[in-house]
Amino acid sequence: MDVKGEVAGLLLAAGGGRRLGGRPKALLPYAGHPLVEHAAGALKDGGCATVHVVLGAAADEVRAAARLPGCVLVDNPLWPEGMGSSLRAGLASLSAAEHRPAAVVIALVDQPGVGAAAVARVIAAARATDDLLSALVSAAYGERRGHPVLVGAARWAGVAGSAGEDRGARTYLREHAGQTLLVDCSDVADPADIDTPADLRLLTAAAPRATKR
């Protein structure tokens with residue numbers, strides 16, 4: 001059953017941090033807490049009613065170390081195949097929910113500079129279209145599309161079908177560029193992600209503090 005007007009969050013947090021020497025990104029320390037807590041909190045504080053968190057690398061350790069009350073934890077045994085498998089697992093979890101939301105905001109765990117303000121702005125833009133079920137809204141930074149991305153439930157099957165390896169929703173968004181509403185978030189968020197040891201500086205850079213939960 002679709003819940004009219006409800007927006008959920010989907011956090012992709014399964015990566016093993018191959019270029020970080022095998023340090024799972026979900027467990028990286030941020031403001032005294034695992035990074036996954038900050039990312040899930042940003043979705044909640046930005047207006048997501050529920051948050052589904054896809055886990056993969058070190059899933060048991062993440063469950064033990066992170067406080068994620070109220071979140072739906074989704075295990076993705078295929079996480080080594082890339083982000084596409086996690087996106088499919090998350091969308092499948094949302095689709096199977098007893099009260100299926102009308103739309104979902106997709107976020108990545110390795111972007112500590114993307115907080116609740118960007119999530120809220122994307123959701124507000126989608127609500128303004130008066131058609132959440134078919135909405136397709138993406139944050140933009142300059143001329144570049146980025147996260148978070150809101151996808152209406154009517155589009156989930158198409159997004160899942162186009163997701164593969166590390167592409168995530170990129171292929172679907174490119175194919176539906178004319179239907180995608182871009183919302184500038186460059187004044188409230190930094191889309192830089194953590195891929196290499198040099199990027200670990202982002203964890204201590206000026207960014208929204210993690211919400212204690």
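If you're wondering where the values come from, they're calculated on a predicted model, not measured in any experiment.
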Practice problem: List, by chain and then residue number, the residues other than Val159 in its hydrophobic cluster (Ile/Leu/Val/Met/Phe/Trp/Tyr, side-chain heavy atoms under 4.5 Å); write none if there are no others. | Solution: Leu10, Leu12, Val54, Val72, Val74, Met83, Leu87, Leu91, Leu94, Val104, Ile106, Leu108, Leu136, Val149, Val151, Trp156, Tyr172, Leu173
Practice problem: Please examine the side chains of Asp190 and Val114, heavy atoms only from C-beta on, and report whether any two atoms are closer than 4.5 Å. | Solution: no
Quiz item: How long is the span from the CG atom in Leu203 to the CZ atom in Arg201, to the nearest 0.5 Å?
Solution: 10.0 Å
Quiz prompt | Spacing of Arg174 atom CZ and Ser162 atom OG [to the nearest 0.5 Å] | solution = 9.0 Å
Practice problem: Would you check if Glu37 and Leu35 make a side-chain contact, meaning some heavy-atom pair closer than 4.5 Å? | Solution: no
Exercise. Could you check if a side-chain atom of Leu28 sits within less than 4.5 angstrom of a side-chain atom of Pro34, using non-hydrogen atoms only?
Key: no
Quiz prompt | Whether Ser138 side chain and Leu182 backbone form a donor-acceptor pair below 3.5 Å | solution = no
Self-check item: Any donor-acceptor pair under 3.5 Å from Asp45 side chain to Ala42 backbone
Solution: no
Quiz item: Taking all atoms of both residues into account, what is the closest heavy-atom pair of His38 and Pro112, and its distance?
Solution: NE2-O, 3.0 Å
Quiz item: If you look at every heavy atom in Ala135 and Thr129, which pair is closest and at what distance?
Solution: CB-OG1, 4.4 Å
Quiz item: Any idea which heavy atoms bring Ala153 and Pro101 closest together, and the distance?
Solution: CB-O, 3.8 Å
Quiz item: Are Leu181 and Val105 grouped together when hydrophobic residues (ILVMFWY) are joined by side-chain heavy atoms under 4.5 angstrom apart?
Solution: yes
Practice problem: Would you give the length of the straight line joining atom CG of Leu68 to atom NZ of Lys44, rounded to the nearest 0.5 angstrom? | Solution: 7.0 Å
Quiz item: Who passes salt bridge (charged side-chain N to carboxylate O under 4.0 Å, His left out) against Asp184, sequence neighbours left out?
Solution: none
Quiz item: Does Leu27 share a hydrophobic cluster with Val51, counting links as ILVMFWY side-chain heavy atoms below 4.5 Å and allowing steps through other members?
Solution: yes
Quiz item: Which pair of non-hydrogen atoms, one from Pro24 and one from Gly22, has the smallest distance, and what is that distance?
Solution: CD-O, 3.2 Å
Self-check item: Expected output: side-chain Gln111 to main-chain Pro191 donor-acceptor under 3.5 Å
Solution: yes
Practice problem: Please examine the side chains of His176 and Arg155, heavy atoms only from C-beta on, and report whether any two atoms are closer than 4.5 Å. | Solution: yes
Quiz prompt | Salt bridge flag under 4.0 Å for residues Arg18 and Asp195 | solution = no
Practice problem: Quick one: list whatever passes salt bridge (charged side-chain N to carboxylate O under 4.0 Å, His left out) with Arg170, sequence neighbours left out. | Solution: none
Quiz item: For Arg145, which residues count as a salt bridge (charged side-chain N to carboxylate O under 4.0 Å, His left out) partner, sequence neighbours excluded?
Solution: none
Quiz item: Taking C-beta and beyond as the side chain, do Arg127 and Val122 meet within less than 4.5 Å on heavy atoms?
Solution: no
Quiz item: Is there side-chain contact between Val109 and Val53, with at least one heavy-atom pair below 4.5 Å?
Solution: no
Quiz item: Does Arg144 have any side-chain hydrogen bond (donor to acceptor under 3.5 Å, both in side chains) partners at least two apart in sequence or in another chain, and if so, which?
Solution: none
Quiz item: Where do Ala107 and Leu43 come nearest, in terms of heavy atoms and distance?
Solution: CB-CD2, 4.0 Å
Quiz item: Are Thr180 and Val137 side-chain neighbours, meaning at least one heavy-atom pair lies under 4.5 Å?
Solution: no
Quiz prompt | Closest approach of Pro148 to Tyr141 (non-hydrogen atoms, all atoms of both residues) | solution = CD-OH, 4.1 Å
Quiz item: From Cys48 SG over to Ile123 CD1, what is the distance, rounded to the nearest 0.5 angstrom?
Solution: 4.0 Å
Exercise. Drop me the distance from Glu81's CD to Asn76's CG, to the nearest 0.5 angstrom.
Key: 8.0 Å
Self-check item: Pro197 and Leu20, any side-chain heavy atoms less than 4.5 Å apart
Solution: yes
Exercise. Nearest 0.5 Å please: distance from the NE2 atom of His147 over to the CG atom of Leu11.
Key: 10.5 Å
Quiz prompt | Set of residues satisfying salt bridge (charged side-chain N to carboxylate O under 4.0 Å, His left out) with respect to Arg121, sequence neighbours excluded | solution = Asp187
